[in-house]
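Notes follow the structure.
To find a chain, count down the sequence lines: A is the first, B the second, and so on, and within it residues start at 1.
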Amino acid sequence: MPPKTRARVSKRTASSGKDDDGEAAGGKRKAAAAPAESAKNKESSECPQFCHWLMKSEPESRFENDIDVKFGIEDLKALPDQTGCWDGVRNYQARNFMRQMKDGQLAFFYHSNCKEPGIAGLMTIVKEAYVDHTQFDKNDVHFDANSKADNPKWSMVDVQYQRMMKRFLPLSELKKYHLQHRATGGPLKDAALFTRARLSVQPLTPEEFDFVLSLEDEEPL
DNA sequence: GCCAACGTTGGC
DNA sequence: GCCAACGTTGGC
């Protein structure tokens, strides 16, 4: 049971307005990175369909309502079948990206809010979006009092550990490439990791994915 | 632990 | 529907 993006657990009154799919988030944000993006982009139809992802989780202990939200790649690896559900996402954009995920797609496991943030490894999507049960669990950090059983707001996917990166790819290094690519037009120039830093589930274009993957065979920058 | 960036809420 | 206040994310 992967925690990850912490959620607002407390009160929150009527968030509803946008619990469905239209969602707030989408409204003013620009569409995802690369491929065409219609002028407005309504996320339910985030047309460019992505096939690679980056998902953030915290590998170091941190307590939220007395519950440790720690869940690093080693924790995923330690689960039965090295598989777990990516629950606790409480951001509409992130949720909508999860809903676009397809069986068999690859996602980077990113370590956030820790000593050394960066990409730790790779996992596979092994079950497409379904209801995140933690939204109904009063004892869960991610409980959402506004979500109704007959119209659940939040989804999750199942992920399976695939492998560690041949070497850890620190955010600091990725950022250097990002800055460099912004000047040269390289593959990471629009990477969501920097242009939408707070998004806990992000898409990668094929070019972004290939470039990041190639870094594990390079010397640290 | 600080705090900038930014998503969300809710008054108007 | 705007936007100020508030709360969270997550790097540093």
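In this structure, A/Leu193 places its CG atom 17 Å from P of B/dA5, rounding to the nearest Å. Counting to the nearest Å, the C1' atom of B/dG7 and the NZ atom of A/Lys56 are 13 Å from each other. The nearest whole Å value for the distance from the CZ atom in A/Arg95 to the P atom in B/dT8 is 11 Å. Between the C1' atom of C/dG11 and the CD atom of A/Glu58 lies a distance of 12 Å, rounded to the nearest Å. We find that CD of A/Gln93 is positioned 8 Å from P of B/dT8, with the value rounded to whole Å. In this entry the distance linking CZ of A/Phe194 with P of B/dA5 reads 16 Å, nearest Å. The interatomic distance linking A/Asn65 (CG) with C/dG7 (C1') rounds to 14 Å, in whole Å. In this structure, CD of A/Glu116 is placed 17 Å from P of C/dG10, rounded to the nearest angstrom.
Ring geometry for A/His111 against A/Phe168 counts as tilted: the plane angle lies between 30° and 60°, on a 0 to 90° scale. Using a 30° and 60° split on the angle between ring planes, A/Phe194 and A/His178 fall in the parallel class, below 30°.
The phosphate of B/dC6 has neither OP1 nor OP2 within less than 4.0 Å of any side-chain N or O from A/Tyr92. OP1 or OP2 of C/dC12 lies within a sub-4.0 Å distance of a side-chain N or O belonging to A/Lys175.
How far OH of A/Tyr110 is from NZ of A/Lys56: 6.0 Å, rounded to the nearest 0.5 Å.
Aromatic rings of A/Tyr130 and A/Trp154 (six-membered ring for Trp) have centroids beyond the 6.0 Å cut-off, not under it.
Out of B/dT8, C/dG11, C/dT8, the shortest distance to the side chain of A/Asn91 is found at B/dT8.
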